> 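Let me give you the structure first, and then I'll get to my questions.
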Amino acid sequence: HAPQLRAVLREAPGLLSVLALNTAIARVLPTNPALAFLIAEELPSLRVRPNRDTYHLLLRAAGRVGNAALVREVRGDMQRDGLAPDRGTHRALVRAYASAGDIEEAMKQLRHVGDIAGDVEYRAVLYAAAYDKQHHPRVAAIARE
């Protein structure tokens, strides 16, 4: 992955900008979410501190690779960096946990985001996750509301 990583970073404008690196992560996320973590590992060597958007992107990547433990690790890194979760963080966590197949944790995150359970997109995400997990009854009930 190193040549691929260097190519992405070369194309990112202003490498010392967290916005540029977030852009690089967002570009690779749809086709190669694992590469997002390689980019994130370069942040300290580039003297760039991740921001909340960086962590939201990494949560998406962890969900896309289907790794709930990685979702928890990214969340822990965010907390260690002193970034308190906001509504967007909890929305990202719902999607990441659901995508990674951790339905129970996705359900816990719903409690932090208020009216998100009525959001059609999130109902669809949870319904799909519930279907994948053999129609988890609690998630399926929310999805049908």
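Every heavy atom of this structure was used, including side-chain atoms; hydrogens, water molecules and symmetry mates were not. All figures in this text were calculated on a predicted structure; none of them were measured in a lab.
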> The criterion is side chain to side chain donor-acceptor pair (under 3.5 Å); which residues satisfy it with Y55, sequence neighbours excluded?
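If we apply the side chain to side chain donor-acceptor pair (under 3.5 Å) test to Y55, skipping adjacent residues, the hits are D81.
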> Quick one: closest heavy-atom pair of R52 and A84, and the distance?
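Looking at all heavy atoms of both residues, the shortest contact is NH2-O, 2.6 Å.
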> Can you tell me which residue among D53, L35, T54 is in a side-chain contact (heavy atoms from CB on, under 4.5 Å) with I25?
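So the option named by the test is T54.
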> Going from CD on Q109 to CG on D102, what distance comes out if it is rounded to the nearest 0.5 angstrom?
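Q109 CD to D102 CG: 9.5 Å, rounded to 0.5 Å.
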> Quick one: closest heavy-atom pair of S99 and G63, and the distance?
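Result for this residue pair: CB-O, 3.5 Å.
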> Answer whether the closest heavy-atom distance between the side chains of E105 and V71 falls below 4.5 Å.
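No. Closest side-chain heavy atoms not under 4.5 Å.
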> What is the distance from atom CG of L93 to atom CG of L59, rounded to the nearest 0.5 Å?
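Result: 5.0 Å between the selected atoms.
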> Can you tell me how far apart CG (L21) and CZ (R49) are? Round to the nearest 0.5 Å.
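Going from CG on L21 over to CZ on R49, the span is 15.0 Å.
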> Got H56 and D86 here, is their nearest side-chain heavy-atom distance under 4.5 Å?
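They are in contact (side-chain heavy atoms under 4.5 Å apart), so the answer is yes.
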> Which pair of heavy atoms, one from A100 and one from A68, lies closest together, and at what distance?
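Shortest heavy-atom separation between A100 and A68 comes out as CB-N, 3.5 Å.
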> Distance check, rounded to the nearest 0.5 Å: L29 atom CG versus I39 atom CD1?
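Going from CG on L29 over to CD1 on I39, the span is 9.5 Å.
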> Atom CZ of residue position R75 - does it have more than 12 heavy atoms of other residues, nucleotides or ligands inside 6.0 Å?
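Enclosed.
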> Any side-chain heavy-atom pair from V94 and R91 closer than 4.5 angstrom?
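Side chain of V94 against side chain of R91, heavy atoms only: no contact under 4.5 Å found.
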> Quick check: does any side chain N or O of R60 sit under 3.5 Å from a backbone N or O of A92, one acting as donor and the other as acceptor?
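Judged by distance alone, no pair lies under 3.5 Å.
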> Identify the two heavy atoms, one from L58 and one from A36, that lie closest to each other, and give their separation to 0.1 Å.
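So the minimum-distance heavy-atom pair works out to CD2-O, 3.8 Å.
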> How far apart are the closest heavy atoms of A61 and F37, and which atoms are they?
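In terms of heavy atoms, the two residues are closest at CB-CE1, 3.6 Å.
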